[in-house]
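Next up is a structure, given as structure tokens.
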There are 2 protein chains.
Amino acid sequence: MPTRNTIKGARTREGILRAAADIASVDGLDGLSIGRLAAELGMSKSGLFAHFGSKESLQLATIEEARNRYVKEVIEPALSTPSGITRLYALCEAFLSYIEREVFPGGCFFASAMAEFDAKGPSPARDRIVECQEQWMITLERAAEGARTKGELRDDRDSQQLAFELEGALLSANWYFHLFHDTTNIERARHAVRTQLSREATPAGLSQIEI
Amino acid sequence: MPTRNTIKGARTREGILRAAADIASVDGLDGLSIGRLAAELGMSKSGLFAHFGSKESLQLATIEEARNRYVKEVIEPALSTPSGITRLYALCEAFLSYIEREVFPGGCFFASAMAEFDAKGPSPARDRIVECQEQWMITLERAAEGARTKGELRDDRDSQQLAFELEGALLSANWYFHLFHDTTNIERARHAVRTQLSREATPAGLSQIEI
DNA sequence: CCTACCGATCGGTAGG
DNA sequence: CCTACCGATCGGTAGG
């Protein structure tokens with residue numbers, strides 16, 4: 001039974017995690033310090049700490065908060081479109097829109113986290129980030145595979161290769177948009193996605209994209 | 001006049017910076033701590049500190065060390081090839097080889113640094129990283145432009161767009177190679193570079209690549 | 001290049 | 001959720 005106190009506690013926790021995910025997208029999950037996070041929220045360090053019990057557990061909870069935001073802002077809108085090349089295109093567009101709208105102030109949370117933990121030793125946080133990134137790549141690959149089954153993408157190409165190349169453009173848009181403070185890079189990625197998809201599309205697929 | 005002591009000092013400094021660049025490629029330039037670096041080299045923290053005077057100056061010197069390594073391992077080998085599509089291809093191949101050979105243990109130093117400082121506020125270190133990354137993109141663009149002038153790349157395409165798309169594949173190779181511990185991602189980038197170049201190449205350009 | 005420090009901040013704990 | 005702590009580590013300094 002949720003009492004008034006547990007409800008209030010859950011709300012506080014949500015607020016903490018929203019701020020934590022925002023900070024981590026800029027300064028990294030290791031750069032996220034409990035003291036600074038508490039100060040930003042106007043609460044005591046140990047009061048905040050009590051919600052999680054360890055920094056590692058705070059990091060893991062922050063990853064889940066970021067994942068929920070990513071699912072809501074990128075995956076769900078795209079998965080509401082019909083499967084096929086339309087959906088593959090929608091996934092790419094949803095990602096670029098999510099970068100443009102600055103859903104996280106530091107750019108894509110998972111791009112930042114991936115880069116940060118890329119070469120580091122194994123840890124629960126790293127494992128979870130690898131899982132999330134793998135799932136996103138699988139989402140792109142499945143969308144490509146769906147388009148191929150529907151005859152909208154040519155049969156002589158590889159879905160994993162296509163997903164890799166699309167993801168390259170999306171990630172570059174994320175990095176260069178923030179590094180150079182220049183939205184041109186998002187347009188370059190849009191252009192890359194469109195030419196890549198139209199090159200691999202069948203005539204049936206092409207008619208789906210160019211409405 | 002270099003005395004025995006200044007020579008020895010310079011050598012120590014070089015050793016410090018080599019270790020610093022290696023560590024920073026894994027843990028980031030902010031994750032690089034003076035104490036840990038000193039411990040790794042078996043010297044005192046303040047002895048090491050005396051070489052630089054501040055952490056910021058150590059970070060800037062580390063960036064220059066990394067840049068020298070990058071120029072030696074990626075740029076110079078590629079710029080020794082004849083200008084044109086051959087050189088553009090050589091730049092991409094040199095980058096992928098540099099990732100494969102693990103010139104930095106944490107993957108491309110500048111990819112890591114770019115990701116780390118991407119959304120952070122302005123600082124001398126960030127400025128220098130932006131400059132280096134911009135120079136690399138210009139190197140790719142110039143090579144593409146050179147190939148176009150020589151009639152090896154089609155005239156109806158954009159060199160900046162091509163550089164952006166090639167760089168997307170190269171960066172993805174860097175991230176996914178380390179994140180998933182899987183060399184397949186380097187092969188995917190190789191494949192992407194080759195198909196991209198052959199698609200934009202003229203017949204004259206094509207004969208240069210497929211020797 | 002060293003020893004011996006400094007104040008600030010880190011993650012985490014005791015006790016309420 | 002708080003105050004009041006803990007040992008460890010941070011960047012940096014004094015003095016040699």
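Reminder, nothing fancy here: chain letters follow the sequence lines and each chain counts from 1. Scope of the values below: all heavy atoms of this structure, side chains included, with no hydrogens, waters or symmetry mates.
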Seminar exercise, completed: Rounded to whole Å, CD of B:E56 lies from C1' of D:dC10 at a distance of 16 Å

Exercise. More than 12 heavy atoms of other residues, nucleotides or ligands under 6.0 Å from NE2 of A:H191: is that the case?
Worked result: no

For this session: Would you tell me whether B:E167 and A:S172 have side-chain atoms, one donor and one acceptor, within less than 3.5 Å of each other?
Result: no

For this session: Let me know the distance between CD1 of A:I34 and P of D:dC6, rounded to the nearest Å.
Result: 19 Å

Exercise. Please give, in whole Å, the distance from C:dC10 P to A:L32 CG?
Worked result: 10 Å

Exercise. B:W175 vs A:W175 aromatic rings, parallel, tilted or perpendicular, using cut-offs 30° and 60°?
Worked result: tilted

For this session: Using whole Å, report how far CZ of A:F49 lies from P of D:dC5.
Result: 19 Å

Exercise. Roughly how many Å is it from CG in B:L41 to P in C:dC2, rounded to a whole number?
Worked result: 11 Å

Exercise. Mind checking who D:dG12 pairs with, Watson-Crick or G-U wobble, both distances under 3.5 Å?
Worked result: C:dC5

For this session: Calculate the interatomic distance between B:L29 atom CG and D:dG11 atom C1'; express it in whole Å.
Result: 16 Å

Exercise. Any side-chain N or O of A:T12 under 4.0 Å from OP1/OP2 of D:dC1?
Worked result: yes

Exercise. With nearest nucleotides of DNA chain D determined for A:H51 and A:K45 from heavy-atom distances, which residue corresponds to the more 5′ nucleotide?
Worked result: A:H51

Exercise. Roughly, in whole Å, what's the span from CZ in A:R36 to P in C:dG11?
Worked result: 11 Å

Exercise. Does B:S33 make a side-chain N or O approach to OP1 or OP2 of D:dC10 shorter than 4.0 Å?
Worked result: yes

Seminar exercise, completed: B:L37 atom CG is separated from D:dT9 atom C1', nearest whole Å, by 15 Å

For this session: Among the candidates D:dT13, C:dT13, C:dC1, find the nucleotide nearest to the side-chain atoms of A:S46.
Result: C:dT13

For this session: Measure up the B:Y176 and A:F164 rings against each other and bin them: parallel (under 30°), tilted (30 to 60°), perpendicular (over 60°).
Result: tilted

